[in-house]
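Structure, as structure tokens:
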Amino acid sequence: MEKIRIGIFGFGKTGKIIANEFLHDNLFTLEWVVRKGYEDHRKYASRLLGHECDAGEIFSIGDIDDNFFDTRPIDALIDFSGLTGLYLYEKAASAGIPIISAISQYEKEELDLLQSFAESAPVLYSPNITLGINVLLVAAQILQKIAPHADIEIVEEHFKGKKEVSGTAKKIAKALNLNVKEHLHSIRVGGIVGRHEIIFGMPNQTIRLLHESISRAAFGQGAIFAAKFLLGQPPGLYTMETVIADMFRKNIPVY
Ligand SMILES: NC(=O)C1=CN([C@@H]2O[C@H](COP(=O)(O)OP(=O)(O)OC[C@H]3O[C@@H](n4cnc5c(N)ncnc54)[C@H](OP(=O)(O)O)[C@@H]3O)[C@@H](O)[C@H]2O)C=CC1
Ligand SMILES: O=C(O)C1=N[C@H](C(=O)O)C[C@H](O)C1
């Protein structure tokens, strides 16, 4: 069976782990990686990650010309770069290539551009692409409907160097109609990969929904799940939580 050809934007803290997860999955072949600069330019990500094969040639954004996506064809593009990466793959979207964007801090301008890509390609956008956080997101919305009077607070914890407030936490706050300034609390310590807790406080009980990413491989497994889902879908904008919500509907036990 033909392998699914993957191109990855971003080769940083997370992109390297994403590349490694795809390299380990025999369903996929890593065709290339694009990064901002020229570090390890034209080397193979596979070799840098300890694999005995040549896969995932590393390019710089300076290499992306009008022919890049034609001469290096892929079946899905995975973006773990940063705010401006998507400006480089408009041609891929126009060609109908499925796109998975995992960028957590888009502004309206980028969200509008991503929405426009979804007119010609299937696009899945997820500020947190772990299966677990999207289960939490759906469960929290259900719980809020069951207990509408509960006090709700969100606590997000990340590694010390993370400057911005968690995009995941902002998305949870939006889904629960919570004021970010009042109900979202950020902690920056050590090397925490990503921890999100939603606390539902009631007079006689407290319910805590907690998700911990203990390895960035969780994001890689989420990206693989998303790629398998997205391939074959018609053009449109998809999210992990809509996929998970559908799985909730199909699996809620009927007593
Ligand atoms: N949705 C999710 O589940 C998750 C999302 N993220 C998000 O992924 C993004 C990356 O995170 P992280 O790996 O920690 O960040 P890093 O800063 O460690 O890495 C960023 C990478 O992207 C590259 N890059 C920057 N700008 C561009 C561009 N315009 N085009 C192509 N490549 C570019 C950098 O290139 P160079 O190496 O040359 O500088 C670098 O390799 C962030 O938005 C983060 O919030 C992170 C984890 C999970
Ligand atoms: O920067 C990160 O690492 C992460 N960013 C995302 C966010 O801002 O929500 C997702 C994850 O928590 C890790």
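Atom set for the values below is all heavy atoms of this structure, side chains included, hydrogens, waters and symmetry mates excluded. Whatever order the structure lists ligands and atoms in, that order sets their numbers, starting from 1.
Within the structure, ligand 2 has Q105 among the residues with a heavy atom less than 4.0 angstrom away.
To the nearest 0.5 angstrom, F22 atom CZ is 13.5 Å from L49 atom CG.
No salt bridge links R216 with E21; every basic N to acidic carboxylate O contact stays at or beyond 4.0 Å. A salt bridge links K171 with E241; the closest basic N to acidic carboxylate O contact falls under 4.0 Å. Between R5 and E31 no salt bridge is recorded (no basic side-chain N to carboxylate O distance below 4.0 Å).
Each of the following atoms of ligand 1 lies closer than 4.0 Å to a heavy atom of T84: 29 (N). Interface atoms of ligand 1 facing I61, defined by a heavy-atom separation under 4.0 Å, are 28 (C), 30 (N), 31 (C). Taking every non-hydrogen atom of S126 and a distance limit under 4.0 Å, the qualifying atoms of ligand 1 come out as 1 (N). Counting the atoms of ligand 1 from 1 in the order shown, those under 4.0 Å from a heavy atom of G85 are 28 (C), 29 (N), 30 (N). Listed by atom number, the atoms of ligand 1 under 4.0 Å from G37 heavy atoms are 38 (O). Atoms of ligand 2 found under 4.0 Å from any heavy atom of G167 (numbered from 1 in listed order, with element): 7 (C), 8 (O), 9 (O). Within ligand 1, the atoms closer than 4.0 Å to a non-hydrogen atom of I129 are 1 (N), 2 (C), 3 (O), numbered from 1 in the order shown. Close contacts between ligand 1 and L88 involve ligand atoms 30 (N) [criterion: under 4.0 Å to a heavy atom].
Not a single donor-acceptor pair under 3.5 Å links the side chain of N67 to the backbone N or O of D70. In this structure a side-chain-to-backbone donor-acceptor pair under 3.5 Å is present from S46 to A55.
Using modelled atom types and a 3.5 Å distance limit, the side chains of E156 and H185 yield no donor-acceptor pair. For the residue pair S101/Y106, the side-chain donor-acceptor check at 3.5 Å is satisfied. Side-chain atoms of H158 and S166 include no donor-acceptor pair closer than 3.5 Å.
A cation-pi geometry, defined here as NZ or CZ lying under 6.0 Å from the six-membered ring centre and within 45° of its normal, holds between K16 and F11.
Of the polar atoms of P127, at least one N or O is found under 3.5 Å from an N or O of ligand 1, judged by distance alone. Looking at G12 next to ligand 1, an N or O pair under 3.5 Å apart turns up. On a distance-only criterion, F219 and ligand 1 share no N/O pair closer than 3.5 Å. Considering backbone and side-chain atoms together, H196 places no N or O closer than 3.5 Å to any N or O of ligand 2. Considering backbone and side-chain atoms alike, F159 places every N or O at 3.5 Å or more from each N or O of ligand 1. Any N or O atom pair closer than 3.5 Å counts here, and V165 shares no such pair with ligand 2. Between T14 and ligand 2, not a single N/O pair is under 3.5 Å apart.
The proximity of S166 to ligand 2, defined as any non-hydrogen pair under 4.0 Å, involves the side chain as well as the backbone. Contact annotation: for N128 versus ligand 2, heavy atoms closer than 4.0 Å belong to the side chain alone. Neither the backbone nor the side chain of S60 comes within 4.0 Å of ligand 1, counting heavy atoms alone. Counting heavy atoms under 4.0 Å from ligand 2, residue P127 touches it through the backbone alone.
Across the listed options Q105, H41, K13, K13 owns the non-hydrogen atom lying nearest to atom 17 (O) of ligand 1. The option with the heavy atom closest to atom 8 (O) of ligand 1, from among F11, Y38, F80, F59, is F80. Taking all heavy atoms of S81, G10, G194 into account, the minimum distance to atom 9 (C) of ligand 1 is reached by S81.
Closest protein heavy atom to atom 6 (C) of ligand 2: S104 OG, 3.1 Å. Atom 9 (O) of ligand 2 has T168 OG1, 2.5 Å as its closest protein atom, hydrogens excluded (heavy atom only). Here the protein heavy atom with the shortest distance to atom 3 (O) of ligand 2 is F159 CE2, 3.3 Å. K162 NZ, 3.6 Å is the protein heavy atom nearest to atom 2 (C) of ligand 2. The protein heavy atom nearest to atom 11 (C) of ligand 2 is H158 NE2, 3.7 Å.
Side chains of V34 and I61 form a contact here, defined as non-hydrogen atoms less than 4.5 Å apart.
The local environment of NZ in K162 is crowded, with over 12 non-hydrogen atoms from other residues, nucleotides or ligands closer than 6.0 Å. With a 6.0 Å radius and a threshold of 12 heavy atoms from other residues, nucleotides or ligands, E164 has its CD atom above the threshold. By the neighbour-count criterion of 12 heavy atoms within 6.0 Å, atom CD1 of I214 is sparsely surrounded, having that number or fewer from other residues, nucleotides or ligands.
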**Request:** Could you give me the CA-CA distance, side-chain angles and deciding distance for H211 and N128, then say whether side chain to side chain donor-acceptor pair (under 3.5 Å) is met?
**Result:** CA-CA 11 Å; H211 178 267; N128 189 313; 5.2 Å; no
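Remark: of the listed residues F80, Y89, F68, Y87, Y89 is the sole one forming a ring pair (Phe, Tyr, Trp, His ring centres under 6.0 Å) with F9.
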